[in-house]
Number of protein chains: 2
Amino acid sequence: MVNKLQHASNCADCNCKVSIFKNLSPLELALINSSRFQVSYKAGEIIFKQGTPSPYFVCVTSGLAKIYIEGYGKNLILALIKPVDYIFGPGIYVDNRHYYSASAVEDCQACLVDVAIFKKLIRENPDFAEEFIKRVSLQSIFNFDQVISLTQKQMHGRIADVIFYLSDKIYCQNPFELTISRQDLADLSGMSKESAIRILKEFKEEGILTLSGNTLEVLNPKQLRQISETG
Amino acid sequence: MVNKLQHASNCADCNCKVSIFKNLSPLELALINSSRFQVSYKAGEIIFKQGTPSPYFVCVTSGLAKIYIEGYGKNLILALIKPVDYIFGPGIYVDNRHYYSASAVEDCQACLVDVAIFKKLIRENPDFAEEFIKRVSLQSIFNFDQVISLTQKQMHGRIADVIFYLSDKIYCQNPFELTISRQDLADLSGMSKESAIRILKEFKEEGILTLSGNTLEVLNPKQLRQISETG
DNA sequence: CAAAAAAATTGTTTTATATCAATTTATTAT
DNA sequence: ATAATAAATTGATATAAAACAATTTTTTTG
């Protein structure tokens, strides 16, 4: 609790600053801090909806969120967002609308900052602008990998990719507690939840992983890598 | 021929300047112009390969090119590039590598500009930087639409989307001359070329379009839109 | 704690789509 | 022009994956 309050007290003391804000001066950081306010979301709550105006830069400071496109009858999860990362969609520089929705997967806290201040800093600080472009680029590269996985691999390969994403990029440990639902797993890998469940079961039966309750452990990462690569 | 030489003579006189370069001063444009050189590509030739270093900003000044990801055994075409548009991948601000390949679909001419000069202008001219971010954002939004089409629509809907892309965004006329191959059509819509051909045939039989030789005319855009939307 | 609701699991059936193989048409080179 | 090569087309078959339906497990709520 004390931690949370400290956390909220000032951008300069927040671990946010090690991230995209690393190129900001104390003065610039103070500007962000002055316009910032903090919001809590319960698991399942919507943070913003696709199509709505986008007045804030959202920085997730605790919990886990997902960003997802609401498509034709089902959702595609573009990414999971964990602390300290931000949500900043492509609409900001186009028509100020969200092109995807965001919601809390676990209980979340987030700091919201006025987009105008963010844009002002992009114009005034070239290092910050470059860092921002770099991050947008990394996101694009990630999306390229994702679209190739989704369109050119069969279900086993896609589930393998999602498991690596979760263990390497999101939970960052090997036996990890799966805090997303099977439906989310399906929405990450572009298949029905029934198919996702069946493939997890197969992987269990083949000894590639264990999954008891929601604790998933990858036992044979080599074989899983192989499955990822052979589609 | 005279036209081509004029075209090549100076960035300031080139129609490139109405595009992303609109925010550059004459001096900045002259800087680009001084480092620029022009290259011709025959149809089918590779402009650059995925994975190779990316020292140039490529501006297509005539013809038609494609950018495509070489995936697991097949290609995914991300976009067709027509004059005057540029090719500038996400690797520039990451590791200076190409994350997709580019090749000429029709005979092409392109101007190459040193990436370092481009990056310098991004740092020095905030209007140019904003315009660049806006274009990167538009590309992202386009990719979102594409990935939803590819992962959530059936083949008929995907082919409908590609036909609209070609007639509205690329050839920009209604009876249009299809200069891309059936394989390209398949690589745009994420299916086998046999399937792409079969669906075109169905659309012909249903009177939605005519396709004689390579001249394609959309006869019933409303019905085609319907097919696009119902997946 | 019991009841209700939601999520996960399993089996069966249907269908969309790829693959394979053969043929025709168009393009290129001699 | 003609042969050789590549691209497009068509049909038949195989299969990956969704949809549907039913059941079990887990979570939430009164």
Pair A/Y165 and A/F142, ring centroids less than 6.0 Å apart:
yes

Name the nucleic acid region contacted by B/G190, choosing base, sugar-phosphate or nothing; use a 4.0 angstrom heavy-atom cut-off, strictly under.
sugar-phosphate

Candidates D/dC20, D/dA18, D/dT9 - which lies nearest the side chain of A/E194
D/dC20

To the nearest angstrom, how far is A/M155 atom CE from C/dA18 atom C1'?
15 Å

Hey, which of these two, A/N214 or A/K74, hits DNA chain D nearer its 5' end, going by closest nucleotide?
A/K74

Rounded to whole angstroms, how far apart are NZ on B/K153 and P on C/dA16?
17 Å

Consider only side-chain N and O atoms of B/Y99 and A/S137, and report whether a donor and an acceptor are under 3.5 Å apart.
no

Take the protein atom CD1 of B/I197 and the nucleotide atom P of C/dT24, then report the distance between them rounded to whole Å.
16 Å

Which is true for A/S181 with a 4.0 Å heavy-atom rule: it touches a base, it touches only sugar-phosphate, or it touches nothing?
sugar-phosphate

Rounding to a whole Å, what distance do you find between B/K193:NZ and D/dG11:P?
16 Å

Look up atom OG1 in B/T210 and atom CG in B/L216, then write down how far apart they are to the nearest 0.5 Å.
6.5 Å

Nearest-Å distance, CG (A/D187) to P (C/dA7)?
12 Å

Between P of D/dA16 and CD1 of A/I227, the distance in whole Å
14 Å

Between CD1 of A/I199 and P of D/dA18 the distance, given in whole Å, is 8 Å

A/Y56 ring center within less than 6.0 Å of A/F48 ring center:
no

Between A/R198 and D/dA18, is there a contact of a side-chain N or O with OP1 or OP2 at under 4.0 Å?
no

Please report the distance, rounded to the nearest Å, between CD in A/E202 and P in C/dT10.
12 Å

Please determine whether a side-chain nitrogen or oxygen atom of B/K201 lies at a distance below 4.0 Å from atom OP1 or OP2 of D/dG11.
yes

Distance-minimising heavy-atom pair for B/Y41 and B/A110
CE1-CB, 4.1 Å

Do the side-chain N or O atoms of A/S195 get closer than 4.0 angstrom to the phosphate oxygens (OP1, OP2) of D/dA18?
yes

